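Quick caveat: nothing in here was measured; it's all calculated off a predicted structure.
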Amino acid sequence: MKLPGVNRRQLLIGGGVGVGLVIAFNLWPRTTPAPQGWTGEDARFDHYLKIGSDGAVTALLPQVETGQGIWTTLAGLMAAELGIAHGDIALQPAVPGPGLENHALGAGLQVTAGSSSIRAFAGPVRDAAATARMLLAAEAAERFGAPLDEIDISEGAAHHGGRSLPFAELVEAAASRSAPRTLIYRAEVDGGVETPRLDTLAKAQGSWRLASDVRLPGLKYASVRIAPEFGAITSISRGAVTLPMVERENWVAAIGDDWWAAERAIAAAKIRFTSPGLDHEAIAKSIDNALDQGGGASLASNGDAQGALGAADQPLVVRYHCAPIPHAALDPMSATARRRADGGIDLWAASQAPAALIAAVAEATGLSPDAITLIPLPFGGHDGGALENEVAAIAATIAVETGGAVQLTLSPAHAARLDRVGAPMAARIRCTPSDDGRIGGWEARFAGMGGLGAALQRLGGDGPALDSDGAVPPYAIPDLTVEQAAADLPLRTGYRRGHAAMFHAFCNESMVDELARALGAEPLSFRVSMLGGDRRLAGLVQQAGLFGGWDSTRMGIACASLYGSAIALVAEAEPGGTAPRVTRLSAVVDCGRAIHPALVRQQVEAGLVAALQQLSRPAPAYRAAMPLQRAAAPGLARLPIIRVDVVESEAPPGGVSGLAEAVTAAAIANALVATGNPRLRSLPFAGQSGG
């Protein structure tokens, strides 16, 4: 398979004596290239696929590993394209800088979010690996005096007619060659790679390092109280604190020889705040008010929905609600900072937007971004909680003021109050059938607060604040309008993986199911009849029915097209004690050309389990516009039988990590109705009648 020519605007080839072959991906050149390797004790990386002068291959990737397997997938893709075993490629995070923007999100930022990593970087990293392989092959062909198409690159060497040259003997000369005009990919890689996860062994052995695991000589520990975003600090009992403190206008930190001492000291300071007097009931009422008021943005409009609904005798009118949903990461929000002798800062932190984090630290400390070395670390949470790491700037500020090394970690209770939760939302949908028994008129209005879009704006990116993933139903409805209104509330909301997509699909797929059953139509066939223009999704719905042994009297179904992928899910559920008891989930997924099919299945399975846990936990109570820490909820007493089928597809690779969350709630709600139980119209499910 061939692609258009690659030139130096897309890939930069470099290297030389003692360096080897380096290939940068995405946009290049940068104005201030960062050094690579170790300078003293400072880790510094660059944006390369690097084959060292010793033949060692290193992939340097811009995306953050949060458990979604992106390091394994991208590194495995590069290894397969280069022709080496997955165990022969080392992996390092790329230093933040221009040229690593995630163009799949269109925000102009380096960011790991929105199920976008594969869409943004599978192509560029494969290009880099293919370029390296072709340069090595060209150099070997010249030395062997053989045709280029007879050179085999495999196992870290070039081979021809029983002769071999290892990468170490080729890379420096290969680095001086021009980029190939046309890339030729390995055909076998198109079928996907099946490599073990690179992080499994480290996690099993306890050597997988998170931000709170960093240890440095002379390290001090800090605990902090941060004022609410819409409030201020009003009083501090400084006389009760015997440990050193660092104060700024909106936060106060205590510093000790261990974290517990620092936490006890900051608790003794009895810091008081002002905050808006908003509880969970007021939040729900305000969202409903935004829903009922006029205005907002149009997401879709065709035909005459008002006319179709006005002519109907009794259009179906339903409201849906979603409470704020907190993050559920086990990894505490933490950062470690050290002041260097040259006045700069070394910073160890997890961030799904590392370049934006450096900018925030520079603003907080007054340092130049070039004086800040960020060592990006993985995050122990799958649901997006590290997109906005606000403790890193505080840790860096403390390190600058004290001149030493400090690790700042939020207490669980304070972290809960500061959590940028998945936004509260509400919807009102009106629909009516057409004369041919399908949906004729559809009017949907959503109201809520910012999620991923608002977070990207805060980080300096572009795009709308409100997330619209899945808000427009995928069906061919002749008369349709979809609107979205913003609710202006003093709440901290932000990115939570799959959150908006789950609510939108919950509303749309529940409403379609409700109308089908009101008409006496079979829910699966009812969907397929309106998906004629989306053959991909129509086929998935039919395959999911076969795969799950569809029975409309005891099962529910939901489908969605998101992130360049599509999914259909069949669920079986029954009422439980505090939430539905789900017994079986059968998902069929089309994610385009699956780069790592095993990881696709794993991510869909994990997404289904995460969604079940999210739906089974009660929403947090709110006081003074802040969520209170919830009591530890019991885990799922019993996991359902989960089956996932990944279909073969020639579509471009799509995103997967947030796909399963989108359809889980709707499929479960529809399954409960199929067995004669009341319909659930609010998220999460915990505590609802019928749950």
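A donor-acceptor pair under 3.5 Å is absent between the side-chain atoms of R593 and the main chain of G654, judged by distance alone. The backbone N or O of R186 lies less than 3.5 Å from a partner atom in the side chain of E81, making a donor-acceptor pair. Distance alone, capped at 3.5 Å, places no donor-acceptor pair between the E388 side chain and the S351 backbone. When atom types are taken as modelled, the side chain of Q110 and the backbone of P62 share a donor-acceptor pair closer than 3.5 angstrom. Proximity of a side-chain donor or acceptor of D590 to a complementary backbone N or O of V647 within less than 3.5 Å is not detected. In this structure, the side chain of R133 does not engage the main chain of S154 through any donor-acceptor pair within 3.5 Å. Within the 3.5 Å criterion, the main-chain N or O of L210 finds a donor-acceptor partner in the side chain of D213. Remark: side-chain polar atoms of T58 are not paired, donor with acceptor, to backbone N or O of A90 under 3.5 angstrom. Between the R339 side chain and the V400 main chain, a donor and an acceptor come within less than 3.5 Å of each other. No donor-acceptor distance shorter than 3.5 angstrom exists from the side chain of R177 to the backbone of A173, with no hydrogens or angles considered.
Here the side chains of V570 and L585 are not in contact, with every heavy-atom distance at 4.5 Å or above. The shortest distance between side-chain heavy atoms of I84 and E155 does not fall below 4.5 Å. At a threshold of 4.5 Å between non-hydrogen side-chain atoms, the residues I642 and V609 count as touching. Within the 4.5 Å cutoff, no side-chain heavy atoms of V589 are placed close to those of D645. For the pair V656 and V604, the minimum side-chain heavy-atom distance is below 4.5 Å. No side-chain heavy atom of L109 sits under 4.5 Å from any side-chain heavy atom of N102. By the 4.5 Å heavy-atom criterion applied to side chains, S117 and T112 are counted as neighbours. With contacts defined as side-chain heavy-atom distances shorter than 4.5 Å, the pair I151/E139 does not qualify.
A pairwise comparison of heavy atoms in H159 and S164 identifies ND1-OG, 2.6 Å as the closest pair. Contact record, L77 with A122: CD2-O, 3.5 Å, taken as the closest heavy-atom pair. Among all heavy-atom pairs drawn from M134 and P180, the shortest one is CE-CB, 3.8 Å. Nearest heavy-atom pair, A211 versus Q407, reported as atom, atom and distance to 0.1 Å: O-NE2, 3.6 Å. The two residues G655 and L659 have their closest heavy-atom pair at O-CD2, 4.4 Å. For the residue pair A501 and L562, the shortest heavy atom distance occurs at CB-CD1, 3.8 Å.
Residue pairs meeting the ring pair (Phe, Tyr, Trp, His ring centres under 6.0 Å) criterion with at least one partner in residues 73-96, sequence neighbours excluded, do not occur; the list is empty. The ring pair (Phe, Tyr, Trp, His ring centres under 6.0 Å) contacts involving residues 131-154 comprise nothing, where partners must be two or more places apart or lie in separate chains.
Relative to the ring axis of F547, R643 places its NZ or CZ within 45° and under 6.0 Å from the centre.
To the nearest 0.5 Å, atoms CG (D331) and CE (M333) are separated by 7.5 Å. Within the model, atoms CH2 of W348 and CZ of R338 stand 3.5 Å from one another, a figure rounded to the nearest 0.5 Å. In this structure, CG in L82 is found 6.5 Å from CG in L136, a value given to the nearest 0.5 Å. To the nearest 0.5 angstrom, L377 atom CG is 8.5 Å from T336 atom OG1. Between atom CD of residue Q602 and atom OG of residue S657 there is a gap of 12.0 Å, rounded to the nearest 0.5 Å. R535 CZ to L540 CG: the interatomic distance, rounded to the nearest 0.5 Å, is 13.0 Å.
Judged by distance alone, the side chains of S649 and R536 never bring a donor and an acceptor atom under 3.5 Å apart.
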Original post:
Under the side chain to side chain contact (heavy atoms under 4.5 Å, CB included) criterion, do L347 and I375 qualify, and how do the steps go?
Top reply: CA-CA 6 Å; L347 181 65; I375 295 86; over 6 Å; no
**OP:** For side chain to side chain contact (heavy atoms under 4.5 Å, CB included), just list the numbers for D127 and Y185, CA-CA rounded to whole Å, side-chain angles, deciding distance to a tenth of an Å, and then say yes or no.
**Re:** CA-CA 8 Å; D127 286 353; Y185 297 124; 2.2 Å; yes
**OP:** Could you walk me through whether D88 and V57 pass the side chain to side chain contact (heavy atoms under 4.5 Å, CB included) test, one step at a time?
**Re:** CA-CA 7 Å; D88 292 335; V57 180; over 6 Å; no
Subject >> Residue pair R497, Q68: steps toward the side-chain hydrogen bond (donor to acceptor under 3.5 Å, both in side chains) verdict >> reply: CA-CA 11 Å; R497 190 181 77 175; Q68 80 279 43; over 6 Å; no
Original post:
For S212 and S334, what are the C-alpha separation, side-chain angles and deciding distance, and is it a side-chain hydrogen bond (donor to acceptor under 3.5 Å, both in side chains)?
Top reply: CA-CA 6 Å; S212 57; S334 180; 5.2 Å; no
**OP:** Dump the intermediate steps for side chain to side chain contact (heavy atoms under 4.5 Å, CB included) on T200 and T72, then the final yes or no.
**Re:** CA-CA 10 Å; T200 299; T72 298; over 6 Å; no
**OP:** Any chance you could lay out the side-chain hydrogen bond (donor to acceptor under 3.5 Å, both in side chains) test for D467 and Y495, step after step, and finish with the verdict?
**Re:** CA-CA 10 Å; D467 300 337; Y495 173 57; over 6 Å; no
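The neighbour count for E194 CD, taken as heavy atoms of other residues, nucleotides or ligands under 6.0 Å away, is above 12. The neighbour count for E650 CD, taken as heavy atoms of other residues, nucleotides or ligands under 6.0 Å away, does not exceed 12.
A salt bridge (Lys or Arg N to Asp or Glu O under 4.0 Å) with E65 holds for exactly one of K203, R197, R209; it is R197.
Between R458 and E390, no side-chain nitrogen of the basic residue sits less than 4.0 Å from a carboxylate oxygen of the acidic one, so the salt-bridge criterion is not met.
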